[in-house]
Amino acid sequence: MSDNTIPSNGHNKEQNLDEFREHAEKQQLTTNEGVRIPHTDDSLKAGERGPTLMEDFHFREKITHFDHERIPERVVHARGNAAHGYFQVYEPMTEYSKAAFLQDPSVKTPVFVRFSTVAGSRGSADTVRDVRGFATKFYTTEGVFDLVGNNMPVFFIQDAIKFPDLIHAVKPEPRDEIPQAATAHDTAWDFFSLMPESMHMVMWLLSDRALPRSQRMMEGFGVHTFRLVNAQGKSRFVKFHWKPLLGVHSLTWDESQKLAGQDPDWLRRDLWEAIEMGDYPEYEFGIQIIEEADEFAFPFDILDATKIWPEELIPVRRIGKMTLNRNPDNYFAETEQVAFHTGNLVPGIDVTDDPLLQGRLFSYLDTQLLRLGGPNFAELPINRPVNEVHNNQREGHMRYTINTGRTSYFPNSLSGGYPQLAPKDERSYTHYPERVEGRKVRGRSESFKDYFSQATLFLRSMSPVEQQHMVEAAHFELGKVKSQEVRERVIGLFNQIDHDFAVRVAKGIGVTPPTSATKPSYIPPTGKRNVDRSPALSMENTIKDTIKSRRIAVLIADGVNETEIQRVKKGLEERGTHIELIGPHLGTVKAAGGQQLMVDKSAPTVNSVMYDAVLVPGGQQGIVALRESGSVLHFIAEAFKHGKAIGLLDEAVDLLRLTGLPDQVTSGPISAKGVNAVNGIVTSRNQGELDAFITQFVAAIARHRHWQPMMREFVPM
Ligand code: HDE
């Protein structure tokens, strides 16, 4: 039993799953009916060269099962991967919520988290520019709570009825099913250009947040405003956050495109391997609270899912931590069959009237019925709550439970009235008695009409480098849009966000830059609590003091200096990084001192984009070999291009001359005598200073990126 279990009525999640787990090792082959099968390589035939016989029940069962192996992939979020773990609250949240899993810091509530992209189909690449799903299932003692969130805190649309339009526009175009997993095409931008409410989310989509370095390094958001309700029935508005303890980091666009080809499984592999290596991803659970009395104290409508609550106005209080510590045993049974639903709520958590959330409350149950083939999906091991389930629901496709007794209705007297109604106490779910009134209207509140001010807030909160990446992203996305009219309309909207941004984007996409800023038609009320910058939005301000779980490539060849490798390896591994020795081929490399070093990966199977930093140790003969290798020089140059830390020791420093990097970058390190660290390139020609080198190299890796203007001159990002 793993430690992420909680006792509950004699059940726990592990036991639940164990009942369903097959341990086939050392077992004999049988049919699904349990008949032992001694031969499965040939079908039953009338004569060795004759036709296959209908009576071959083993053949027919095996093929029939195979023919039915697929279930409909999710309409959105089809591409996903998941992990098990547990959640623990830091201190009782009794004041805010009666939710059982938020009361006792000693209780570990099991969770299952599924990360996903949105637009691509199941086989698409992981690193595409897209929003990421961040869906968490909490198996609490009082039922399942699903927080079905994303890695961006806002959404494209304000009302769920527009969701099919949004997704049809973003998905591959219906005539030719092109392009896969990309918004860089006409229909997506046609829709955005006609839906100004999408602009805030479009800013997030153009930003580096759409290219996470790792699922372990991205934030999660519940997006909507929910309610926390305490035992006294007091309700407060809440937004939910996940804050990764490794900080928030991204890939560059160039890296993500290359990874999509070289390792389309990059993000799922990263999560899987991290968990296997014991680098358990951790995320703090944060809440932002607005008192009911302050519902209208802000210039944004708290029911509008295209708005954030700036953290500088309403701080995020970190109330607990989630740790992911176990990979699934079976992709299909767990990751594919997990069924999330925004309506999976527990006592103490409730919804608001956000029209996007209201629509989702219908959609998720409906989609599971189609995807999982009927109403019994909650009985699947991955979806089952850890507490007991009793009701009068019966039958349907694939009913697992064998209900006993005569009655399946309420009220009944024949079964003594069981299952009885739960008492109306705090442990039972009662909906928050919100007061509701109004005329029926197919319309939207005036307070939802501010489409631009938070798009502007986001853009202006970015660092210059992040803004430049957004301009380049827009050049790519809109550069793929054939319709001039659509491109012009987008610039018209961008000009209402920020004039300078609109001009910079227009210049790259064949649209005449606007000559002056356009004022948005709706200006939100002034005089309310607001900010014009939110530093929390910029990844430049994220945690940059850890190199834990980063991957460092060490390029080696015969004749490498083994002592240097061992000392640097030790120094880096002590700080939690993973070193991979990359040799010209698999097997061993012979070090200068004669030792055989086992190579982890061969050069043809890897690329600079797969690592966070690169190190080349010295050793005269080794460097002579590496110097001849175009791919080694490219490895170093590309690491520089992506702003990564590069460590070069002794003779390896001279490799810089051959990389094609500009002199202004290489001359300093080449001529330096002691330890030198500029632009992320850390060098040392003096073995006596290896400790100082390690300290500098670690600091350079921890910065994650070393952006500099000459990178752009060297080659566009
Ligand atoms: Fe979803 N969404 N969504 N969504 N969504 C689905 O449910 C839907 C929205 C999100 O890993 C579907 O089981 C509507 C916002 C995640 O299994 C479907 C609307 C947010 C996942 C659906 C939204 C999300 C889904 C497809 C507009 C962030 C993957 C398969 C109101 C807060 C969950 C499925 C997983 C999946 C509907 C908008 C997050 C069709 C109608 C906003 C993370 O039911």
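Just so it is clear, the values below take in all heavy atoms, side chains as well, and ignore hydrogens, waters and symmetry mates. Please read these numbers as outputs of a predicted model, since none were measured by experiment. When a ligand or atom number is given, it counts from 1 through the structure's own listing order.
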Counting each atom of ligand 1 from 1 as listed, which ones have a heavy atom of [X] under 4.0 Å away?
{"X": "Arg74", "result": "17 (O), 30 (C), 35 (C)"}
{"X": "Gly222", "result": "32 (C)"}
{"X": "Gln368", "result": "13 (O), 34 (C)"}
{"X": "Ala160", "result": "31 (C)"}
{"X": "Phe340", "result": "11 (O), 17 (O), 33 (C), 35 (C)"}
{"X": "Thr367", "result": "7 (O), 13 (O), 30 (C), 34 (C), 40 (C), 44 (O)"}

**Request:** Please identify each residue that fulfils ring pair (Phe, Tyr, Trp, His ring centres under 6.0 Å) with Phe458, with sequence neighbours left out.
**Result:**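 Partners of Phe458 under the ring pair (Phe, Tyr, Trp, His ring centres under 6.0 Å) test: Trp204.
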**Which residues share a ring pair (Phe, Tyr, Trp, His ring centres under 6.0 Å) with Tyr90, sequence neighbours left out** = none
**Glu312: side-chain hydrogen bond (donor to acceptor under 3.5 Å, both in side chains) partners, not counting sequence neighbours** = Ser534
**Request:** Verify, without hydrogens or angle tests, whether Glu379 (side chain) and Thr401 (backbone) share a donor-acceptor contact under 3.5 angstrom.
**Result:**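 Checked: pair present.
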**Message:** Please check whether Arg114 reaches ligand 1 - meaning an N/O of the residue sits under 3.5 Å from an N/O of the ligand, judged on distance alone.
**Reply:**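 Checking ligand 1 against Arg114, an N or O pair does fall under 3.5 Å apart.
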**Prompt:** According to the interplanar angle, ranging from 0 to 90°, do the rings of Tyr364 and His341 count as parallel (below 30°), tilted (30 to 60°) or perpendicular (above 60°)?
**Reply:** parallel
Is the shortest side-chain N to carboxylate O distance from [X] to [Y] below 4.0 Å?
{"X": "Lys307", "Y": "Asp301", "value": "no"}
{"X": "Glu177", "Y": "Lys171", "value": "no"}
{"X": "Lys162", "Y": "Asp165", "value": "yes"}
{"X": "Arg444", "Y": "Glu197", "value": "yes"}

**Message:** Does the residue Gly149 have a heavy-atom contact with ligand 1, meaning some pair of atoms that are separated by less than 4.0 Å?
**Reply:**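 Gly149 counts as a contact of ligand 1 under the 4.0 Å cut-off.
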**Request:** Using 2.8 Å as the cut-off, note every protein N, O or S atom close to atom 1 (Fe) of ligand 1.
**Result:** Tyr364 OH
**Message:** For atom 28 (C) of ligand 1, what is the closest protein heavy atom, and at what distance to 0.1 Å?
**Reply:** Asn150 ND2, 3.2 Å
**Request:** Examine His68 together with Phe66 and report whether their ring centres are nearer than 6.0 Å.
**Result:** no
